[in-house]
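Input: a single structure, listed below in structure tokens.
Chain A is the first sequence line, chain B the second, and so forth, proteins listed ahead of strands; every chain is numbered from 1. What you see is a predicted model; the values in this text were computed from it and never measured.
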Amino acid sequence: MAAILLDPLAAIGRATLGACRTVGDVALFALEAVSHLVRPPFYGRLFWHAFIEVAWFSLPVVALTAVFTGMVLALQSYTGFARFNAQSAIASVVVISLVRELGPVLAALMVAGRIGASFAAEIGTMRVTDQIDALTTLSTNPMKYLVAPRLLAATIALPLLVLVADVLGVMGGWLIGTLKLGFVSAAYLKSTFDFLQTGDVISGLVKAAVFGFIIALMGTWCGYRSKGGAQGVGGATTSAVVASSILILALDYVLTEIFFAQ
Amino acid sequence: MSTANTPKIRMRGVKKAFGPKRVLDGVDLDVAAGQGMVILGGSGSGKSVTIKCILGLIEPDEGVIEIDGVDVLKLPRRERESLGDRIGMLFQNGALFDSLPVWENVCFKLLAQNRITRAQARDKAVEVLAQVGLAETVGDLSPSELSGGMQKRVALARAIAAQPDIIFFDEPTTGLDPIMGAVIDGLIVDCVRRLGATAVSITHDMASARRIGETAAMIHKGRIVWTGPAGNLGHSGNAMVDQFANGEREGPIQMELRR
Ligand SMILES: Nc1ncnc2c1ncn2[C@@H]1O[C@H](COP(=O)(O)OP(=O)(O)O)[C@@H](O)[C@H]1O
Ligand SMILES: [Mg+2]
């Protein structure tokens with residue numbers, strides 16, 4: 001009788017403990033990696049390599065996402081706002097939703113798919129083929145060599161990508177606005193910039209930096225902790241993408257709450 | 001602290017469990033300076049874990065590990081890391097960095113320690129590759145372009161390039177044909193002799209064990225069950241060792257075929 005009652009409780013307890021252990025491990029991992037960013041030696045070459053990988057090679061997919069999102073936003077808000085004769089608000093709706101929310105979140109989700117997966121796969125493969133242990137025996141700290149440059153690169157690259165996404169998204173909205181919805185180009189652009197505040201842009205870029213850090217952290221952590229051959233690396237890759245996507249959406253709420261709750 | 005009689009490596013009562021699985025159950029091992037020691041044992045008997053403990057890649061649960069009479073497990077992290085500067089390791093599957101060309105693999109440690117510049121590293125790599133019988137052109141290839149035997153040689157070159165005074169070889173000849181195995185053994189013996197290093201090798205190839213080892217130790221169920229001259233393998237008088245060395249099915253070692 002007692003067992004029937006206690007077994008589920010024990011299971012819940014175990015799951016909770018497991019979750020706490022994981023969160024603690026990720027936090028310590030992040031702390032250690034960040035501490036390596038301020039202690040020499042620095043691996044500029046590896047940072048640059050990771051930066052190009054995150055920023056440059058994510059550009060096409062982020063750009064496409066941004067343009068289409070801007071176009072869809074303009075179209076959707078038009079069909080909605082026309083019912084209230086509020087078409088003039090479209091430009092500002094497009095720019096505000098892009099800069100505050102959709103730019104950072106969508107860019108981060110796209111990058112999470114690309115970069116989270118590739119970091120996890122690269123580092124996971126190095127783990128299961130003993131390359132990480134080999135680094136240690138070759139007088140090189142693997143956290144400093146593999147994790148720290150990737151964390152820094154993604155944290156810097158994401159805001160830059162989001163900046164591009166913001167511009168391209170507004171352009172997408174402007175295209176639809178002028179070509180399809182009959183706005184005058186100058187008027188559309190004027191109302192775009194009239195309503196945009198520096199705070200909106202900055203909050204979006206801060207979000208982007210946080211998301212970039214999270215993507216690289218989950219990618220490297222899942223890879224670093226992977227075990228069990230090819231299957232383990234596959235699992236690490238999936239976990240990295242899933243975990244960073246969920247964290248991006250959850251943290252987006254938290255950050256929005258912090259920025260705009262008054 | 002360290003006298004002429006201090007063993008280079010001394011392990012006492014080293015234990016390690018992964019979850020419920022006990023892998024090392026009190027390993028005692030002495031390796032004299034300049035000695036070639038081979039560790040024998042069945043697959044999964046904990047040979048790799050033993051040397052990973054010495055290297056500091058795995059933290060033992062209990063026990064003492066001394067290098068030159070210094071208890072490495074008690075050292076602060078920084079000093080322990082710097083101890084690794086004098087140790088070389090050839091991993092079971094090579095563990096070459098496939099993102100780097102061969103020459104950078106070979107000189108990785110020297111570059112990491114800032115002992116040479118990148119420009120010098122290429123020349124140095126050519127020199128070390130020559131010591132393991134590889135041509136200069138191999139330096140510019142990627143590890144994935146090499147055959148198994150060449151990868152082992154590059155891994156050997158990487159292990160010796162920084163002139164360590166202790167070198168570990170984890171199954172250096174496993175997966176190679178017998179001739180290539182003999183070649184690698186020869187290279188190992190040459191390199192170790194040239195460096196005057198202490199060498200600890202893991203193998204389950206008896207011919208290889210006799211070629212590269214002076215002393216042999218047999219590990220079984222997480223303990224060292226026998227230590228003796230490598231030449232005696234097969235007629236040591238210890239039933240377990242002789243069964244293992246001669247590859248007999250019947251004997252004190254019962255392989256766990258089903259688990
Ligand atoms: N990091 C690890 N985590 C869990 N189990 C491990 C780990 N490393 C080794 N083991 C287990 O320890 C046992 C001994 O492994 P190992 O020392 O690699 O064997 P071998 O003697 O063949 O080199 C194996 O059963 C292996 O599954
Ligand atoms: Mg092994």
Just give me the residue among A/L135, A/N141, A/D133, A/T136 that pairs up with chain B most often, heavy atom to heavy atom, under 4.5 Å. A/D133
Rounding to 0.5 Å, atoms OH (A/Y145) and CZ (B/F97) come to a distance of 6.5 Å
Turns out that what part of B/I87 lies under 4.5 Å from chain A's heavy atoms comes down to backbone
Is any side-chain heavy atom of B/K52 closer than 4.5 Å to one of A/D130? yes
Atom group of B/D85 that falls short of 4.5 Å from chain A, counting heavy atoms: both
Measuring from B/L110:CG to A/S139:OG, what's the distance to the nearest 0.5 Å? 9.0 Å
Compare every heavy atom of A/A134 with every heavy atom of B/R158, then report the nearest pair and how far apart it is. NH2-CB, 3.6 Å
Spacing of CD belonging to B/Q113 relative to OG1 belonging to A/T140, to within rounding of 0.5 Å: 8.0 Å
So what's closer than 4.5 Å to chain A heavy atoms on B/N114: side chain, backbone, both or neither? neither
How many angstroms lie between CZ in B/F91 and OG1 in A/T137, if you round to the nearest 0.5 Å? 4.5 Å
Drop me the distance from B/L57's CG to A/I132's CD1, to the nearest 0.5 angstrom. 11.5 Å
Lys/Arg N to Asp/Glu carboxylate O, B/R77 vs A/E32, below 4.0 Å: yes
Relative to chain A, which segment of B/L96 carries a heavy atom at a distance below 4.5 Å: side chain, backbone, both, or neither? backbone
